[in-house]
Amino acid sequence: MNTNNEMPKAYEPADIENKWYPLWEQRGYFHGEANSEKKAYSIVIPPPNVTGILHLGHVLNNTLQDILIRWRKMQGYEVSWFPGTDHAGIATESKVEKTLRESGEPGRDELGREQFIEKVWSWREEYGGAIIKQLRKLGTACDWERERFTMDEGLNNAVRKVFVDLYNKGYIYRGQRMINWCPVAKTALSDEEVIYKDVDGKFYHYNYPLSDGSGVLQIATTRPETMFGDTAVAVHPDDERYKQFIGKTVDLPLTDRKIPIIADEHADPEKGTGCVKITPGHDPNDFMVGQRHDLDIIAIMNDDASLNAKCGAEFEGLDRLVARKKCVKMLEEQGLMVEIEDIKHAVGYSERGDVPIETLVSAQWFCNMKELAKPAVEAVKSGKINFHPQRWSKTYDHWMENIQDWCISRQIWWGHRIPAWYNDETNEIYVGLEAPSDGGSWTQEKDVLDTWFSSWLWPFSVMGWPEKTKTLEYFYPTCDLVTGPDIIFFWVARMIMAGCEFMGDIPFKNVYFTSIIRDDQGRKLSKSLGNSPDPLDVIDIYGADALRFSIIYIAPVGMDIRYSNEKCELGRNFANKLWNACRFRLMQGPVTEGFRDLSGVNHDLLTPDEKWIISWINEAIIMTNKSLEDFRFHYAVHEIYELVWSTFCDWFIETSKVRLFGNDEEKQQVLQVLDFVLFKILRLLHPFMPFITEELAHQMGFLTEEQTIMQESYPRPLANLNIPSIMEKDHDLLDLVEAKFQLVRAGRSLRANAGVPDGKKINYFIKATDQINADFLNSEIASLKILLKAGNIEISLIDYDVASHGAAPSQIANAGIIYLPLDGLIDLEEERKKLNKQKKELEGWIKGSIAKLSNEKFLSNAPEKVVSAAQGHLEEMKQKLERVESLISDLK
RNA sequence: GGGCGAUUAGCUCAGUUGGCUAGAGCACUUGGUUUACACCCAAGUUGUCGGGGGUUCAAGUCCCUCAUCGCCCACCA
């Protein structure tokens, strides 16, 4: 127990944060046991990329999860937060390639598959998972014993089993289809990995001569270089302009081919010239047109998006953009180009490569999602899974109901290799957990699976599936998922499908979608803009607690957050405030025994102020728990901020000083109340600010060295404890306390307006509203004096004697009128102006109020409560007006 | 083309089923070396709740409409 009062004046987080985390981890506080008697609470982390480093998005996301974990743990759940990283196929592969290139080592292709993969593994050993270490700086209570990696052996088993199952069900198939191709990573991509950007482009109008020499057809395209893959020109069947040409052919320029003119509804007469070139090998729409008309598919590109031999010697090997220019030039030379129009249009970009993707026909593995989607849609619709904010379920529904087949194969090496084998002789395909053992000659599929094909199993693969583990039995399904709305399709939707399919149960009950963090000008955070602060720097300056607290405090519900480092001052200042409140308390003496339950105090002897603070702590406990239940984190934080700073520090500590410096009996009682409230505050705040609350709970002597606040209970409404429900019992008394504080504010205002320095003791005269207030204020005279820094306060039921003392500035409060006698130094003109302004305002309100209350419809329709409140309010204003009027006449 | 969100104090945002005189932080002004805290204390200043219409006794809150900004989806050749 710490009884010294040598706490530094300002809170310095660095040492304290570095001290506690290793202790927590070593003592196993973060671990949840699967065989507990307690109720389970679990979360799986959205696994950050193994190449990733901590950024503010992670800070927000993981702080929220940590709040939930610590809160539930303190509530008595057996909790486990499953951490880990994602192997991030394309990102990691290109990262390692880049590293090799920069260090002059042999590259990917020189190394060959096996050696390259070894390199990736060793890179991961050395540099990968930096983010995991960085998370510890944030204070995250992850169950590190359970850390997983999407490429570890267990997860690989899960992936293979899922692939085989879905293949056997007929959902997974291999086929030739139009896919998205990244020419940088040289791999297929799923539709979700394509980002559409509006870019400046050109719309080329040029002529295809009719083979019979009877004229030309003018077509329009943004990509002339794809003409080498054209196998038709389409016009709309009802387009009168072109009907006569249907069935004829045109001479495809720059080639020696003739291609037919076909009628297809895909051709939009309104668009361009109404004639559209059909390139079934390189455009999804044209592909479908091609299928309808049985057109040839000509693939004209190499895997790096340069043109291939099909385009002729002049074009072979040229990059698509170079080829485009050349095409245009040649068409111009041949007099075929008619017009080049500047347009803005949407172009698909590869997420990683940041270059336009190509759509092309390729043999890939696909997963048909239609059946998988059905129960997943139902799970959200029925409310088994809840989205917060709820509106995201609409986005989810829309995508799920239009779900397309998922292209799951990738032409890279770093990933789960597809468990399919081709028979070298018969080309037969075998799919299984292991290679076929029939002695035949089989070659395994070279492609690996999309990274998300392992991530979508995360909620149960981290628990050991497909083994039937105790962990799985106890912790599955998880409770809450915290993630960004940007991966709702990539990850959230797919996890729900996988959970329903393979576990027969949803993977989580709630999904909380975080805000997106922007800089204070509203721009996205990015390395290239240099507006992405390093959270570790922020933690160095302000502390992890401050960063956590601030980011939650400023996070609007379901909207973008505008962040700047300066905003962390809020959290730092708050931590310092709390620190000093505790420091002040310790200066008054060692901890009292009643800090848990006020056991050393006769509850009947509690003063009004003490009852007041206890009722407020009760209120804060109720609100904080409720807010967390509803995922309204910022509410909870605001609630606690207000409680600590305003309610506790500004009012209760200040008013308690009179008793702290009074007799010993009074002092002992108020110390107990201070301890009781502070220990509740520390526990209430712990999930948000884990370090400082742990430190202070020890500094204060609430906990012994062997104990931790993590294992203390989260505050529950006091009605559940053995403390009388003060709120109900003493309602009127609490109103009197509030009225006292209001009167204090009025008195301070008088002092400030009169320009009397704070240090100078002054006298006040109070005319109480009635006997009850008079009695109460008299009993609180010592408190009033200290709050008002007054020398003497006279409380009376009789009017202030203007005749003998001269007029004095005054303020009206509910408890009474407070006067500041200034020995005639009053500025009568100012005072009159102030009172007349008040009078006018009051008259306005009274007028409105009377009108409202004489409205029959209001009286009959509004609820009783509202009507009586309005009546009470009117009475109040009328009385106040009377007082103002009498004060005005006093000034004459 | 569809869908979603935003618009409240100088700035960033609260304002949960409509109900007392619309709030907070920051910023700003004035005063303060009060025996916790200047990362502080006290007192202040700042609002046609984006425009218009409607429902209602009552609208920042519900409905319609317009405007501006942002995001997502969709095959705009």
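Lettering follows sequence order; numbering is per chain, from 1. Keep in mind it's a predicted model, so treat the numbers as computed, not measured.
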Inset, instruction - With sequence neighbours left out, write down each residue that passes salt bridge (charged side-chain N to carboxylate O under 4.0 Å, His left out) with A:K197, or none if nothing qualifies. - result: A:D354
Inset, instruction - Check every strand shown and say whether A:C582 touches a base, only sugar-phosphate, or nothing at a heavy-atom separation below 4.0 Å. - result: nothing
Inset, instruction - Please work out whether the ring planes of A:W399 and A:F489 are parallel, tilted or perpendicular, with thresholds of 30° and 60°. - result: parallel
Inset, instruction - Classify the side-chain pair A:E265/A:H236 by whether it contains a donor and acceptor separated by less than 3.5 Å. - result: no
Inset, instruction - Report which part of the nucleic acid A:G571 touches: base, sugar-phosphate, or nothing (heavy-atom distance under 4.0 Å, all strands). - result: nothing
Legend entry - Spacing between A:M587 atom CE and B:rA36 atom C1', to the nearest angstrom: 6 Å
Legend entry - d(NE2, A:H634; C1', B:rU16) in whole Å: 10 Å
Nucleotide N/O to protein N/O under 3.5 Å, stretch nucleotides 28-31 of chain B:
unit_1 : atom_1 : unit_2 : atom_2 : d
B:rG31 : N2     : A:D758 : OD2    : 3.1

Inset, instruction - Just say parallel, tilted or perpendicular for the rings of A:F648 and A:F652, cut-offs at 30° and 60°. - result: parallel
Legend entry - Length of the CG-C1' vector between A:L788 and B:rU34, whole Å: 13 Å
Inset, instruction - Give one of base, sugar-phosphate or nothing for A:N861, where a contact means two heavy atoms less than 4.0 Å apart. - result: base
Inset, instruction - Examine the base of B:rC37 for any acceptor or donor lying under 3.5 Å from a partner atom in the side chain of A:K577, and report the outcome as yes or no. - result: yes
Inset, instruction - Check each residue of residues 192-204 of chain A for a non-hydrogen atom within less than 4.0 Å of any atom in RNA chain B, then write out the ones that pass by number, or none. - result: A:F203
Legend entry - A:E654 (side chain) and B:rA36 (base): donor-acceptor pair under 3.5 Å: yes
Inset, instruction - Tell me what A:H398 touches on the nucleic acid: a base, only sugar-phosphate, or nothing, going by heavy atoms under 4.0 Å. - result: sugar-phosphate
Inset, instruction - Scan A:A862 against the nucleic acid and name what it touches under 4.0 Å (heavy atoms): base, sugar-phosphate only, or nothing. - result: base
Inset, instruction - Just grab all the salt bridge (Lys or Arg N to Asp or Glu O under 4.0 Å) pairs involving residues 268-284 of chain A, residues at least two apart or on different chains. - result: A:D230-A:K277
Quick one: which protein N/O atoms are closer than 3.5 Å to N/O atoms of nucleotides 22-25 of chain B? Pair and distance per line, please.
unit_1 : atom_1 : unit_2 : atom_2 : d
B:rA24 : O2'    : A:Y553 : OH     : 3.3

Inset, instruction - Output all residues satisfying salt bridge (charged side-chain N to carboxylate O under 4.0 Å, His left out) with A:R324, sequence neighbours left out; order by chain, then residue number. - result: A:E225
Inset, instruction - Ignoring backbone atoms, test whether A:S860 places a side-chain nitrogen or oxygen under 4.0 Å from the OP1 or OP2 oxygen of B:rC57. - result: no
Legend entry - Set of residues satisfying side chain to side chain contact (heavy atoms under 4.5 Å, CB included) with respect to A:K9, sequence neighbours excluded: A:R583
Inset, instruction - Can you tell me which residue pairs pass the salt bridge (Lys or Arg N to Asp or Glu O under 4.0 Å) test with a partner in residues 846-863 of chain A, sequence neighbours excluded? - result: none
Could you go over nucleotides 70-72 of chain B and give all protein N or O partners under 3.5 Å, atom names and distances?
none

Inset, instruction - Describe the nucleic acid contact of A:D268 in one word from base, sugar-phosphate, nothing, applying a heavy-atom distance below 4.0 Å. - result: base
Inset, instruction - Report yes or no: is there a donor-acceptor pair, N or O only, under 3.5 Å between the side chain of A:N285 and the base of B:rC75? - result: yes
Inset, instruction - Kindly write out the residues that satisfy side chain to side chain contact (heavy atoms under 4.5 Å, CB included) with A:A14, not counting sequence neighbours, or none if the list is empty. - result: none
Legend entry - Sorted by number, the residues of residues 561-569 of chain A with heavy-atom contact under 4.0 Å to RNA chain B: A:R562, A:K567
Inset, instruction - Would you please confirm or rule out a distance under 4.0 Å between OP1 or OP2 of B:rC37 and any side-chain N or O of A:K9? - result: yes
Legend entry - Atom pair distance, as rounded to whole Å: CD in A:E12 and P in B:rC39: 12 Å
Inset, instruction - Stems involving RNA chain B: give each as a range paired with a range, ordered by first number, where a stem means at least three consecutive Watson-Crick or G-U wobble pairs under 3.5 Å. - result: B:1-7 with B:67-73, B:10-13 with B:23-26, B:28-32 with B:40-44, B:50-54 with B:62-66
Inset, instruction - Indicate whether OP1 or OP2 belonging to B:rA36 is found under 4.0 Å from a side-chain N or O atom of A:K657. - result: yes
Inset, instruction - Please state how far atom CD1 in A:I551 lies from atom C1' in B:rU12, giving the value in whole angstrom units. - result: 14 Å
